[in-house]
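Right, one structure below, let's go through it.
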Protein chains: 4
Amino acid sequence: MEARSGAGKQDGGGSARTFTEAARRAQIVGAAIEVIAEVGYTKATFTRIAKQAGLSSTGMISYHFAGKDDLMREVVAEVFRVADGYMIPRIEAQTTASGRLRAFIESNIELLGEFPKHLPAVVEVLGNIRSDDSSMREFCAAMDSLVDTHTHLIREAQKAGEFGEFDPRVMALAIRGAIDGVVTRAAKVPDFDPVACGRELADLFDRATRKDAGKDTGKDNR
Amino acid sequence: MEARSGAGKQDGGGSARTFTEAARRAQIVGAAIEVIAEVGYTKATFTRIAKQAGLSSTGMISYHFAGKDDLMREVVAEVFRVADGYMIPRIEAQTTASGRLRAFIESNIELLGEFPKHLPAVVEVLGNIRSDDSSMREFCAAMDSLVDTHTHLIREAQKAGEFGEFDPRVMALAIRGAIDGVVTRAAKVPDFDPVACGRELADLFDRATRKDAGKDTGKDNR
Amino acid sequence: MEARSGAGKQDGGGSARTFTEAARRAQIVGAAIEVIAEVGYTKATFTRIAKQAGLSSTGMISYHFAGKDDLMREVVAEVFRVADGYMIPRIEAQTTASGRLRAFIESNIELLGEFPKHLPAVVEVLGNIRSDDSSMREFCAAMDSLVDTHTHLIREAQKAGEFGEFDPRVMALAIRGAIDGVVTRAAKVPDFDPVACGRELADLFDRATRKDAGKDTGKDNR
Amino acid sequence: MEARSGAGKQDGGGSARTFTEAARRAQIVGAAIEVIAEVGYTKATFTRIAKQAGLSSTGMISYHFAGKDDLMREVVAEVFRVADGYMIPRIEAQTTASGRLRAFIESNIELLGEFPKHLPAVVEVLGNIRSDDSSMREFCAAMDSLVDTHTHLIREAQKAGEFGEFDPRVMALAIRGAIDGVVTRAAKVPDFDPVACGRELADLFDRATRKDAGKDTGKDNR
DNA sequence: CATGAATGAGGCTTCATTCAT
DNA sequence: GATGAATGAAGCCTCATTCAT
């Protein structure tokens, strides 16, 4: 889960990025995250984002970003950057597969406490992008490879005897989907507790992946 | 999971819905489902939907539906209608809570075999609708109440001793999210097997909800 | 010099063109010709063209044409169509190369009498297009092949002994350029007489291409 | 064909033009010539010109020129300055009207060898300017007067018995147009030979203006 | 009922120009 | 003098919607 740096500002020469420019870009990306999380991808127009950022016109956004795709790329990259910074240390501190899985889920959900708009925004963006959108292909590939990575890690844990027997791909998809579901739906209730919710979700998948979960897996109720 | 009938055609007189009219509406809704599943909510314009339906103009759609929101409502309602018809008998055939949960998950995923576009379309629509979209208010409320219903059923099963101890709300969200994740991502792989995948997912949540899942829930890695 | 039919209206199905639609397109193309001839290619915006055509918005133009390139293609095609209709019969009525050359030049200039805006418009368009504009490549190629055709005809006339010795390519370019020059500059003077001007220009190139034009071609003044 | 000095930098005080300022202006004008010749008038934006000039921002251009018109005026003036320096000595070295005409045409085309971008650029600019562009009024008048001057010289040569009988205005326009045509089209072929081409074109107009060009001017095909 | 042309709002983008630093 | 960020006016285009036929 590395951060992928975006392109931006049709860079035909070797113009380095100024400090001020970087600040403006960050400001716009931040405004975009807010707006996307609040009104959804479809209605997150440059007009709305500009207003949120306190800019006078949409031209400003086009001035700093090569296009809407570019801005969206930066939005995703920024969220990944933040998420990486928060999650990776917590994950790497674990030595067991189940520990890492729990750290992954919990730290991901906990992010909603510090950055309530980041994950909802990225779920919106990634849910509204098609892999045939040319400029977004890289991101879709990155997302897919992330699921692939999880699938691989799960499979390793199974071989090592840490996890039980189940389809690692479905498990990876379920984890991803469950997190997204919580991010999208639960985050907007008033008394949402990220820590408790993360622990619950981690518990859930801990039970679902555990090795000694009994031998009669659902044979009785079909 | 009942079907909610849509509004459609500003009914100012006493005009009942004719057969032709109903057929046209069904045709348009079907085309909309196809298009939404294929190109996504954002790009599912009236033009594209009309083309898919073999209609010569978008005026036809506006004539039969009060607006885009109305059409989308009908899309969701239609998918629910189909899903209800397929899922409810299978769920009600079960007598245990875990049996019903399994039937719910499996029959839901199996729908992808018979109606590959229906669920992806509804996920797209529901992911792109806000509760503050005026006419969508009561619709989103219905969606939320669905999760509430599941939450309630889970809680009952816990009281009855069928399920273990966990937050029923998080579980409901996780189930919903995991299914959506599988629907969205797995539906586009070529060799997708709905039955096998549904069983895997049902197994997963069976383990996650089971009562005797061991008592040492991940205490070692926190 | 055949007319090339344009594309227009993103035609993904088999939708034939309606009579009304064809009329609107013709109206818009006519307005575009007027505007381009009057204010030049650069300032011939959709807004101006719509106003000239009596349309309420620029959206109307985009509705009937796939884009600005498409409209420009139609403009050129329309002018070619008119020019072909007028010029080809007059050219083909001639049996000698010099007769055809004269008929070509005269009929071309005479067009300014009946359609004063057509040729200036097309000169504007073709002068503001680059061959790397993708969608205009075909037209540039057509223009180039037109000069090539002239070059070829001149060469044949030379072989047949009808024309004197000179570089046919330069001659073709000079004819093209001279006509364009007259079209652009002379057409806007009030007392412009197309017939007389055409005859003068034809005389000029008749002298320039004639076989027995003396043997000491400019050797004395270099 | 005299150079007309441009306006530039709203001069409200008594500030003379410094050396640095002049150098900057020349640098920008040179870059503009390159860009215009390469991408055409329409796409020759300040951004592109600034990049070509190695400038970091377009503000630099606006600072040194009163506006785009002003820059374009300077571009034309600069090309005229160069052209005058090259052509005038060669023209004045001739004593006959036909010699001067030949020298004019040949030296003009030969300029393409030394300054391949200058003439194409000026043709682009002059083709995209209207006399009603406010600040361009007197500039276009100067251009017209140039053709008038040629017309006048031709008429004098006719009175002196050096040239045959023909409409001097049409001849002047044809020469101008033919040169522009060669400049525009021939300049982009790889193996273009300016000297040979100029001689050919001069030969052409030598034959067209000569006195004893035979008396039966195309009487057979009218 | 159906058609398809017309509308008008709104979206993204580009551009010349201005201004604080 | 120079820089580069900001501005605001157009420009082209798409879309849902309306309306005469």
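Chain A is the first sequence line, chain B the second, and so forth, proteins listed ahead of strands; every chain is numbered from 1.
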> OP1, OP2 of dA2(E) versus side-chain N and O of Arg24(B): anything below 4.0 Å?
Replying inline: yes
> If pairs are Watson-Crick or G-U with both distances under 3.5 Å, what is the dot-bracket string of DNA chain F, marking crossing pairs with [ ] and pairs to another strand with |?
Replying inline: .||||||||||||||||||||
>> I need the minimum non-hydrogen distance between His118(A) and Val79(A), along with the two atoms involved.
In response: O-CG2, 3.6 Å
> Measuring from Thr42(D):OG1 to Asn128(D):CG, what's the distance to the nearest 0.5 Å?
Replying inline: 5.0 Å
> If you round to the nearest 0.5 Å, how far is CZ of Arg25(D) from NE2 of His64(D)?
Replying inline: 8.5 Å
>> Whole angstroms only, please: what is the CD1-P distance between Ile61(C) and dA6(E)?
In response: 12 Å
> Within this structure, what is the CG-to-P distance between Leu71(A) and dG11(E), rounded to whole angstrom?
Replying inline: 15 Å
Using nucleotides 19-21 of chain F, report all nitrogen or oxygen pairs with the protein that are shorter than 3.5 Å.
none

> With sugar-phosphate meaning primed atoms plus P, OP1 and OP2, does Thr45(B) contact a base, only sugar-phosphate, or nothing at under 4.0 Å between heavy atoms?
Replying inline: sugar-phosphate
> Quick one: which of dT18(E), dT17(F), dT7(F) gets closest to the side chain of Ser62(B)?
Replying inline: dT17(F)
>> So, under a plain 3.5 Å distance rule, would you say the side chain of Tyr63(A) forms a donor-acceptor pair with the base of dA5(F)?
In response: yes
> Val75(B) pairs by side chain to side chain contact (heavy atoms under 4.5 Å, CB included) with which of Val29(B), Asp70(B), Ile28(B)?
Replying inline: Val29(B)
>> If you compare all heavy atoms of Val39(C) against all heavy atoms of Ala44(C), which two are closest, and at what distance to 0.1 Å?
In response: CG2-N, 4.0 Å
> Ion pair present between Arg130(C) and Glu124(D), side-chain N to carboxylate O less than 4.0 angstrom?
Replying inline: yes
> What's the closest nucleotide to the Ser56(A) side chain, out of dT17(E), dA2(E), dG8(F)?
Replying inline: dG8(F)
> Between Phe19(C) (CZ) and dG4(E) (P), how many Å, whole number?
Replying inline: 15 Å
>> Rounded to whole Å, please give me the gap between CE in Met60(B) and P in dC1(E).
In response: 9 Å
> To the nearest Å, how far apart are Arg48(D) CZ and dT14(E) P?
Replying inline: 11 Å
> When the distance from NE2 of His64(C) to C1' of dC12(F) is rounded to whole Å, what number comes out?
Replying inline: 16 Å
>> Looking only at the side chain of Phe46(D) (C-beta and beyond, no hydrogens), which of the listed nucleotides dC12(F), dT7(F), dA16(E) gets closest?
In response: dA16(E)
>> Distance check, rounded to the nearest 0.5 Å: Ile129(A) atom CD1 versus Met72(A) atom CE?
In response: 8.0 Å
> Could you state the CZ-P distance from Phe65(B) to dT17(F), rounded to the nearest angstrom?
Replying inline: 12 Å
>> So, using salt bridge (charged side-chain N to carboxylate O under 4.0 Å, His left out) as the criterion, who are the partners of Lys68(C) when residues are at least two apart?
In response: none
> What residues in residues 27-36 of chain D put a non-hydrogen atom under 4.0 Å from any atom of DNA chain F?
Replying inline: none
> In terms of side-chain geometry, is the basic nitrogen of Glu21(C) or Arg24(C) positioned less than 4.0 Å from the acidic oxygen of its partner?
Replying inline: no
>> I want to verify a distance call: between dG8(F), dA16(E), dC13(F), whose nearest atom is closest to the Lys68(C) side chain?
In response: dC13(F)
> Looking only at heavy atoms, what is the nearest atom pair of Ile33(B) and Glu78(B), with distance?
Replying inline: CD1-CG, 4.0 Å
>> Closest-nucleotide mapping onto DNA chain E: is Gly67(A) or Ser57(C) further toward the 5' terminus? I mean the 5' end.
In response: Ser57(C)
Side-chain polar contacts of residues 46-57 of chain C - donor-acceptor pairs under 3.5 angstrom, sequence neighbours left out - could you list them?
{"residue": "Arg48(C)", "atom": "NE", "partner": "Lys43(C)", "partner atom": "O", "Å": "3.0"}
{"residue": "Ser57(C)", "atom": "OG", "partner": "Gly59(C)", "partner atom": "N", "Å": "3.3"}

> Mind checking the P distance from dC1(E) to dT21(F)? Whole angstroms is fine.
Replying inline: 22 Å
> Stepwise, does the side-chain contact (heavy atoms from CB on, under 4.5 Å) test hold for Phe65(A) with Arg73(A)?
Replying inline: CA-CA 10 Å; Phe65(A) 294 87; Arg73(A) 242 193 319 270; over 6 Å; no
> CD of Glu21(C) versus C1' of dA6(E): gap in Å, rounded?
Replying inline: 12 Å
> Does OP1 or OP2 of dG11(F) have a side-chain N or O of Thr47(C) closer than 4.0 Å?
Replying inline: yes
> With a 4.0 Å cut-off on heavy atoms, is Thr58(D) in touch with a base, just the backbone sugar-phosphate, or nothing at all?
Replying inline: base
> What residues, two or more places apart in sequence or in another chain, satisfy side chain to side chain contact (heavy atoms under 4.5 Å, CB included) together with Val123(D)?
Replying inline: Asp180(D), Val183(D), Thr184(D)
